[in-house]
Structures are given as C-alpha cells and as structure tokens.
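See below for the structure under consideration.
Quick note on labels: first sequence line is chain A, next is B, and so on, each numbered from 1. The model shown is predicted, which means the values in this text are computed figures rather than measured ones.
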Amino acid sequence: MAIRVYNTMTRTKEAFVPREPDTVAMYVCGPTVYNHIHIGNARTFLTFDVIRRYLEWRGFDVTFVQNITDVDDKIIRRAAEEGVSTAELAQTYTVAFRSAMDALGIEKPSRQPLATQTVPRMIAMVERLITSGHAYEVDGDVYFSVRSFPGYGKLSGRDINELESGARIEVDERKEDPLDFALWKAAKPGEPRWPSPWGEGRPGWHLECSVMSEQELGLPLDIHGGASDLIFPHHENERAQSEAASGTTFVKYWLHGGLLQVNAEKMSKSLGNFMFLKDVLAVYPASVVRLFMMQTHYRSPLEFSTDRLEEARTAYERIAGPLRDLEVAKRSRARERAEGSWTAGAWVSRLTKGIEDAKARFIEEMDDDFNTAGALAAVFGLVREMNAFMWEGPGIGAHGENLPVLERAAAGIKEPLDVLGIEIEAKATPASEYPPEIIELAVDYAGYDGTDGAEAVDALRKARDVARSQKNWVVADAMRDRLQELGLLVEDRPDGTHITYGR
RNA sequence: GGCGACGUCGCCAAGUGGCAAGGCAGAGGCCUGCAAAGCCUUUAUCCCCGGUUCGAAUCCGGGCGUCGCCUCCA
C-alpha cells in the first residue's frame, strides 16, 4: 500500500519514496507580492496544503517550505505606480497574503523565506555557476547558458532547437543564446539594489527558488510543487541552475496543479478575469471554497463560477446535516424507531462496516495521486449510511444506546474532512445573530415580552408546538412562513419543532 | 507553427483493460397534517471513425473540438 504521485518529469504515476524514510522535504513556489492573490493562485496553495496534510496524516514528518518573492519587475512597476517603495509594497502584500492563507485554512509553512533576505546566497550561487562555466557576465548582467546544461528542456518536454525557432521573445544581442536567462540584473536608476561582484543589481526570477529550497531543505527535494504554468520557463530554469550548480538531482517528484479557468479561459491577472481570494472568502466560507476545489482532481482544469460554489454550499450542507442532527438528538434524547426488517444490531453492524469502508476508500483514493474527488465520494457514502441509521434505522436509541456507533460515524466523517481542511460547523447559532424582527414575531405569536433573540425563538418554538398539538395548522403554518421570511428554517421533527438559523 | 493535456448522465466530476464513484439538478415512491430533512428507486452503447484484445471509457492510429505552455503568470 504505497502512495503514488504523478511526476511531471516522467509523465507517469510513480511510487512515492522520499529520500529519507518517513520524512518529506517539500517546496512550493510562493507568490510574488505585488498585489492580492486571486482565487486561481489560491487553488494551487490549497492543493499543496492538502497534499501536505495528507502526507502528515499518513505519518510522514513533512518540512514544508514556501518562498515569498519580494523583489521583482512587477513589484518595481507597481510600487512606482502607487508611489511607495518596493519594500513597503512587498510588505503590504506579504501581510495580506499570509492573512488570506490563514483565512482559507492553509497550514503555515515550516519556513517561509524572503527573497530579499537571501541575496548573499544567491550571489554565491551565481558565482558558482560562472566558475563552472554555466553562466557569464555582460555589462553587469549575468546570464545562465542553457546550452551548458545538457538536460535543459527535459522537465517541460521541450527541445532547445525547437524553442529557438518558435521563440517569440525579442533577441537580446548581448546574450550568447536567445534562450539564456538572467541570473542577475544590473540595477537601473531608482530600482532596489544589492552590491555584487558585477556591480549593484538584483536577482533574476527563478534564482530565489533554487537558492532557498536548497538552503532550507537540501537536495534533492522530495516534492517541488507549483501550478502548471510554472513548468516552463520557471521550473525548467530552476532545475537547470540548481543541477548545474550542485551537480546533483534537484527534485525527486515534480507536482503541478491544473489552472483555474473563467469562461473556459485561464484566470490570470494579465487577462483581468480574476477575483481576489479575500473577496470570495467574504461571501463563501473557507470550507465551502475548499470543498468546491476538492471536488475536482488537482491536476485537472477547474472552471470557477458562483453557480459551482453554490452547489458546493449545498453539498457542504449535506455533509453537515447528520453531524448536526446527532448533536440535536443528543440534546433532546427523544428518538427511537426500532421496528422494521432490521434489528438494531444489524443496523449497528451495517454502520460499523460503513465507517470502515469509508476510511479504507479514503486512503485508497488519496494514495492514488491525492484523488480528493474520489476521497469525497467515500465521505458522502458514510453520510448516507449515517442518515439512514438515524432516520430509517434505530436512531440514537431510547436510552442513547446507539450513541457510541453514531459518534464513531461522525468521527469517521470528520477525520477525512479534517485532512482536506474542511471544517464542519455543527454548533448552534449564537443568539446575537438573530434578526431583530424575531422579537416582534414572538410578541405576536407567543406573547413574549422580553428582548432576547434566543429566548424569543424558544418561545416561538414552544408556541408552535402548542398550535400543532391543537391541529391549528393555520397558525402553525403562518409562523413557519414568517420565520422563513426572516431566514430561519423551521423543521418538524419527531420530537417537535426545530428552528435553525445562519446555516 | 511547435510541445503538452483534455473531451464520461441535464450540469460538475471520479474511474486509465474485466458488468461506469460521488455532488448538484430532475422524476417517482416512503415518511409528514402540509412542508423541510432523510431514505429508496430512476436516467450514460464514456466526442466520431478505424485498429489491437477473449474483453476498451481505459491501449494504438486518424479526425473533430476545447484548454495550457512556447512572453509575466499559481
């Protein structure tokens, strides 16, 4: 029973065997902090958060490193537009990034180095590359020579010669080869700069990941992750630099996530079709967003839409249902339905099997390249079994004798969801959130004379039970309608009226 | 133009050689005073054509369509 992962380098699923048993060194490219991250960026971070959580759940000691690129062309441009320093701009969006990740329920990285604090090591790597003949300096710029690295193009499945013939990049005559990329850029007036053997300047893109990953984790990395649009040129170049400089394998398993799309088109800041993560989270709970994303395999493209999010919200409620029902049943202790063709014992056996099956299937699916969509099917299967037990089967039992198996079922639902970072809120709504109109309603229908929302709801609940016991359907239905207008859900259960709000 | 990926129920989406998961929506039934929730039942010759195989959604070839990368991009 081994974990298998799809490796971009080999284009196949491979057995996952880390460099050291029971530990995983994992690196995921972080953001360039020139703006808020959008929901497409978030998908990638979510993907690797779940991979990390799963590996940890399976017993690996995971060291998870994610860089923050806080010096870059886009930061320089944006800072100029806003009239702030690049450092200020980067600081602002670094804070925003961390806060957005936190809001999405992403576990904090083990370490999160900043590019600007790693410059001396970057310079050291560039020097190594120059010394070994893989890089050359021209007028204060330093370029990596792709022809000096025989495996160039292997990760992205490209051929250097074909790349050159199809290249759309403008040719810089100072480069020895059009595909050579900058390791170090001479500073222009007003740009952030660091002293170097080639004059004042700043690191090129790609370099920070090579340096920080090796510094924090050592080589080879077990897992290097990112979205598929980073395969070329970013990861190809990282790999060339790192392997040329170190002489060893850079990465054992390259994992790449599929892109989020809008109207069948990639979501990106340059296309302008994006939504900021923070704005989505203002409308949808993190668990709903996560469920939405987990319903598609991480390597597939995923169409973003609010319709899909609404569906995910409904699906989330389906999972939350039995967990809430159990909490309610525990409090009211009033359910028993024994009869029928099943004895309670047979129901308990069946639910017990459902719990075991769900766990086994969850592991099977997740072991197979982190198939969260399949893993969720296992969870939904157990949701169905638990619902059947509570509503068609013996329920909690006259004396609560079925509580243990129901608690195990609830745990069997919560545990895999926890691995996916999906929290199920099974608590009652705080009283302070009831709409103020509820008081007036309670005055009208229940003769309530206080000012407390929760008390008002309780008075209404009792009043409605009285009306129903007297078969006064007109009043009972009117109360239900009025409550629903205020957004409160009224359900008649075997033990009486239930009123819920804020789901 | 080059390279790569994908095309599965009304919508979304797992499944990569042995009778097609799951979610959302729809229909019917049970339960209910009526509802809600829940349970049960129900809908797929897996884009098209050809090939390999005892057997293919799954492998191979061709076609059509969509997307990504080749330039900053999670």
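B:C11 and B:G23 make up a base pair, with Watson-Crick or G-U wobble contacts both under 3.5 Å. With a 3.5 Å ceiling on both atom-pair distances, B:G33 lacks any Watson-Crick or G-U wobble partner.
For A:T296, the listed nucleotide lying nearest its side chain is B:A14; candidates were B:A35, B:C39, B:A14. Residue A:A315 has its side chain nearest to B:C24 when only B:C69, B:C24, B:A21 are considered. The side chain of A:R308 has B:C11 as its nearest neighbour among B:C70, B:C11, B:G33. Distances from the side chain of A:N41 to the nucleotides B:A74, B:A14, B:C67 place B:A74 closest. Minimum atom distance to the side chain of A:A476 is reached by B:G33, of the listed B:C24, B:G33, B:G4. You'll find that the side chain of A:A264 is closest to B:C67, out of B:G23, B:C34, B:C67. Checking B:C69, B:G23, B:A14 against the side-chain heavy atoms of A:A373 singles out B:A14 as nearest. Side-chain proximity of A:E392 to the nucleotides B:C70, B:G22, B:C39 is greatest for B:C39. Counting only heavy atoms from C-beta on, A:F232 has its side chain closest to B:C70 among B:A74, B:C70, B:A25. Distance from the side chain of A:Q261 is smallest for B:C67 among the nucleotides B:G33, B:C67, B:C39.
Using P as the reference atom, B:A56 and B:G50 are 14 Å apart when rounded to the nearest Å. For the C1' atoms, the distance from B:C60 to B:C67 is 24 Å, rounded to whole Å. Between the P atoms of B:C64 and B:A57, the separation comes to 24 Å (whole Å).
Using a 4.0 Å heavy-atom distance criterion, A:H234 is classed as making no nucleic acid contact. Contacts of A:T47 with the nucleic acid, taken as non-hydrogen atoms under 4.0 Å apart, are absent. Counting any heavy atom pair closer than 4.0 Å across all strands shown, A:N371 reaches sugar-phosphate atoms only and no base atom. Using a 4.0 Å heavy-atom cutoff across all strands shown, A:R468 reaches at least one base atom of the nucleic acid. Counting any heavy atom pair closer than 4.0 Å across all strands shown, A:R43 reaches no nucleic acid atom. Across all strands shown, A:D492 has heavy atoms under 4.0 Å from base atoms, whether or not it also approaches the sugar-phosphate. The residue A:S270 sits close to a base: some heavy atom pair falls under 4.0 Å. Using a 4.0 Å heavy-atom cutoff across all strands shown, A:L271 reaches no nucleic acid atom at all. Residue A:R361 is in base contact, counting any heavy-atom pair closer than 4.0 Å across all strands shown. Base contact: A:R464 has a heavy atom under 4.0 Å from a base atom.
Remark: C1' of B:C70 and OH of A:Y152 are 11 Å apart, rounded to the nearest angstrom.
Taking A:D141 as the reference, A:R174 meet the salt bridge (Lys or Arg N to Asp or Glu O under 4.0 Å) condition, with sequence neighbours excluded.
A:D70 places a side-chain N or O within donor-acceptor distance of the main-chain N or O of A:T116, the cut-off being under 3.5 Å.
Side chains of A:R147 and A:S145: a donor-acceptor N/O pair is absent below 3.5 angstrom, by distance only. For the 3.5 Å distance criterion, the side chains of A:T69 and A:E208 qualify, holding a donor opposite an acceptor.
Two residues, A:A375 and A:L230, neighbour RNA chain B, and the one matched to the more 5' nucleotide by heavy-atom proximity is A:A375. Each of A:Y298 and A:A388 was assigned the nucleotide of RNA chain B with the nearest heavy atom; the assignment lying further toward the 5' end belongs to A:Y298.
A 6.0 Å sphere centred on CG of A:N263 holds no more than 12 heavy atoms belonging to other residues, nucleotides or ligands.
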